[in-house]
There are 2 protein chains.
Amino acid sequence: MDAKRRKKLEAAGFRVGTVADFLELTVEEAALIDLKLSLGILVRSVRKRAKLSQQGLAGRLHSSQSRVAKLEAGDASVSLDLIVKAAFAAGAKKADLANAIVKRRRVAAG
Amino acid sequence: MDAKRRKKLEAAGFRVGTVADFLELTVEEAALIDLKLSLGILVRSVRKRAKLSQQGLAGRLHSSQSRVAKLEAGDASVSLDLIVKAAFAAGAKKADLANAIVKRRRVAAG
DNA sequence: TGCAGATATGTCGGATGTGACATAAGTTAG
DNA sequence: CTAACTTATGTCACATCCGACATATCTGCA
């Protein structure tokens, strides 16, 4: 963004910065969200390979189908703890987690 | 454990099983605890490499020294979310997390 | 020894994630 | 088409984790 446009926006009361700034995220919070997304995707993949429904996985997890749906969708209300427990309950191994973490995901218009 | 001793203990009202059984942990909960330990150790290592005190890291994290101490010690009151945020705040990369996860830790009398 | 910084441990009120539930929407087979 | 199953989304009371604080212990160093 050029300086002129920035000045104009700021004069109008807007704060200008990155998306993370806008959402008031620290960089580590942004990294955590990224990680949750990656692991949510892993859970879905491992669960399907195990021929489990969300309901079935929820049973193993002692959780509920709606939580599993949310965790696979990267919903902000789900903790990393639950996502990782779900991955293990679905049959993932540590190495699967490690791979999911370092794997690059495709990004829209990237 | 031999069957005789088991019978005796069970007759006395004890339930006999693994440590995880005793603590009423599912296998995925046990795996999660293991993971938290590994990552807590990683945080300490990355923090020291960055010449940060727990206080200093707590500042970056917008948390407190006591939380950092607990997270590095594998305290049960600390979420995986906070541990991972701490790792990133200390300067860890995704690959560092991945390595910490798969690395085997030395176990007492293992 | 004594001082200073670092780390460990316990507690607490308030913030956030929890499972459960309802229900809508999507999918598959008869 | 319907029926059965699966997945998505919103809500709520309750449980858990949070940062903050106090305080104890550890760890050099003068």
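Below, each value reflects all heavy atoms present in this structure, side chains not excepted, and no hydrogens, waters or symmetry copies. Chain letters run A, B, ... following the sequence lines, proteins first and then strands; every chain starts at 1.
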| field | Length of the line joining B:Leu71:CG and C:dT9:C1', which is rounded to integer Å | value | 15 Å
| task | Can you tell me the distance, in whole Å, between the CG atom of A:Leu32 and the C1' atom of D:dC18? | result | 15 Å
| Rounded distance (Å) that lies between atom P of D:dC17 and atom CG of B:Leu61 | 17 Å
I'd like a list of close polar pairs between nucleotides 25-30 of chain D and the protein, N/O only, cut-off under 3.5 Å.
none

| Distance from A:Ser38 atom OG to A:Ile33 atom CD1, nearest 0.5 Å? | 12.0 Å
| request: Please determine if a side-chain N or O atom of B:Ser77 lies less than 4.0 Å away from the OP1 or OP2 oxygen of D:dT16. | output: no
| said: For B:Arg47, is there an ion pair with B:Glu72 - N to carboxylate O distance below 4.0 angstrom? | reply: yes
| said: Could you measure the distance from the CG atom of A:Leu97 to the CG atom of B:Leu35? Nearest 0.5 Å is fine. | reply: 6.5 Å
| task | Using heavy atoms to find the nearest nucleotide of DNA chain D for B:Ser64 and B:Ala76 separately, return the residue whose nucleotide is more 5′. | result | B:Ala76
| field | Distance in angstrom units between B:Leu82 CG and D:dA20 C1', rounded | value | 14 Å
| Between atom CG in B:Leu57 and atom P in C:dA8, what is the gap in whole Å? | 13 Å
| task | Rounded to the nearest angstrom, tell me the gap between atom CD1 in A:Ile83 and atom C1' in C:dT18. | result | 14 Å
| Salt-bridged, B:Asp75 to B:Lys36, with N to O below 4.0 Å? | no
| query | Hey, does A:Leu57 have a side-chain heavy atom less than 4.5 Å from the side chain of A:Val43? | reply | yes
Which atom pairs link the protein and nucleotides 6-13 of chain D when you take only N or O atoms and keep those under 3.5 Å?
{"unit_1": "D:dT7", "atom_1": "OP1", "unit_2": "A:Arg47", "atom_2": "NH1", "d": "3.1"}
{"unit_1": "D:dT7", "atom_1": "OP2", "unit_2": "A:Gln54", "atom_2": "N", "d": "2.7"}
{"unit_1": "D:dA8", "atom_1": "OP1", "unit_2": "A:Arg44", "atom_2": "NH2", "d": "3.3"}
{"unit_1": "D:dA8", "atom_1": "OP2", "unit_2": "A:Arg44", "atom_2": "NH2", "d": "2.9"}
{"unit_1": "D:dA8", "atom_1": "OP2", "unit_2": "A:Gln54", "atom_2": "NE2", "d": "2.7"}
{"unit_1": "D:dA8", "atom_1": "N7", "unit_2": "A:Gln65", "atom_2": "NE2", "d": "3.0"}
{"unit_1": "D:dA8", "atom_1": "N6", "unit_2": "A:Gln65", "atom_2": "OE1", "d": "2.9"}
{"unit_1": "D:dG10", "atom_1": "N7", "unit_2": "A:Lys70", "atom_2": "NZ", "d": "3.2"}
{"unit_1": "D:dG10", "atom_1": "O6", "unit_2": "A:Lys70", "atom_2": "NZ", "d": "3.2"}
{"unit_1": "D:dT11", "atom_1": "O4", "unit_2": "A:Lys70", "atom_2": "NZ", "d": "3.0"}

| note | Here the gap from A:Gln54 atom CD to A:Leu61 atom CG, rounded to the nearest 0.5 Å, amounts to 11.5 Å
| In Å, rounded to the nearest 0.5 Å, how long is the span from OG1 of B:Thr26 to NZ of A:Lys85? | 7.0 Å
| task | Would you indicate, yes or no, if D:dC17 has its OP1 or OP2 atom less than 4.0 angstrom from a side-chain nitrogen or oxygen of B:Ser79? | result | no
| note | Separation between OG (A:Ser53) and CD (A:Gln65), nearest 0.5 Å, reads 8.0 Å
| field | Value rounded to 0.5 Å, distance of CD1 in B:Ile83 from NZ in B:Lys70 | value | 13.0 Å
